[in-house]
Participant: 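Can you read through this structure? Questions will come right after.
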Amino acid sequence: MWQAAGSFALASPVEAMTGFWPGLALPLPVPAQLSFLWSMQAGEWGITGVHPYNLHGFWLRMAATWGVGTAALSAAALCWAMIVAKGNAVRSLSMLCIAAGMTMGLVYCSNVAVPLLLAFVVSVRSTPRPVRLQKTCLQIPLNVIEGI
């Protein structure tokens, strides 16, 4: 799908920059490798063509629906968060969103979106705290250790 989207973006740069309406089919040919899957889905749903919701990767779906500019700005915001963030958690989560969004949904799959949102909330709200070593209740006397 990335290859088909790339060739479409080169052939129609204006449409690639502005995106398409979510309910309309994209002017893309169905990839030969996925034609069996598409024909099964088209028969069950009663639709033809490639729609943005057929694209599983978050960045590809976002670029198809809202345009390449919006997807690029969103990716740039995550890169900015990686640079500015003080904690490693925000940096790691931003990197995860950029990488995982290439192949899977981030905000429209509930099994990914809910844990990811909770992880971002926790990482942004928590401030790094110094680790304090606390004295333990159990202290072994030195003579016991020397006898061992």
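The figures that follow rest on heavy atoms only: side chains count, while hydrogens, waters and symmetry mates do not.
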Participant: Are Met104 and Ile98 in one and the same hydrophobic cluster, where Ile, Leu, Val, Met, Phe, Trp and Tyr link if side-chain heavy atoms are under 4.5 Å apart?
Facilitator: yes
Participant: Could you please spell out the steps behind the side-chain contact (heavy atoms from CB on, under 4.5 Å) verdict for Leu96 and Leu116?
Facilitator: CA-CA 10 Å; Leu96 175 71; Leu116 190 62; 4.1 Å; yes
Participant: For the residue pair Cys109 and Gly105, what are the closest heavy atoms and their distance?
Facilitator: SG-CA, 4.2 Å
Participant: Ignoring hydrogens and angles, write down the donor-acceptor pairs under 3.5 Å from the side chains of residues 67-76, residues two or more places apart or on other chains.
Facilitator:
from  : atom 1 : to    : atom 2 : distance (Å)
Thr70 : OG1    : Trp66 : O      : 3.2
Ser74 : OG     : Thr70 : O      : 3.0

Participant: Once side chain to side chain donor-acceptor pair (under 3.5 Å) is applied, what residue pairs with a partner in residues 88-115 remain, sequence neighbours excluded?
Facilitator: Asn88-Arg91
Participant: Please evaluate residues Met102 and Trp59 with respect to the criterion side-chain contact (heavy atoms from CB on, under 4.5 Å), reporting the C-alpha separation (whole Å), side-chain torsions for both, the decisive distance (0.1 Å), and the verdict.
Facilitator: CA-CA 6 Å; Met102 296 287 189; Trp59 297 112; 4.3 Å; yes
Participant: Within this structure, what is the CG-CE distance for the pair Leu78 and Met95, rounded to the nearest 0.5 Å?
Facilitator: 11.0 Å
Participant: Locate the shortest heavy-atom distance separating Ala81 from Val90; write the atom from each residue and the value.
Facilitator: O-CG1, 4.2 Å
Participant: Find the distance between CG (Leu106) and CG (Leu117) and round it off to the nearest 0.5 Å.
Facilitator: 12.0 Å
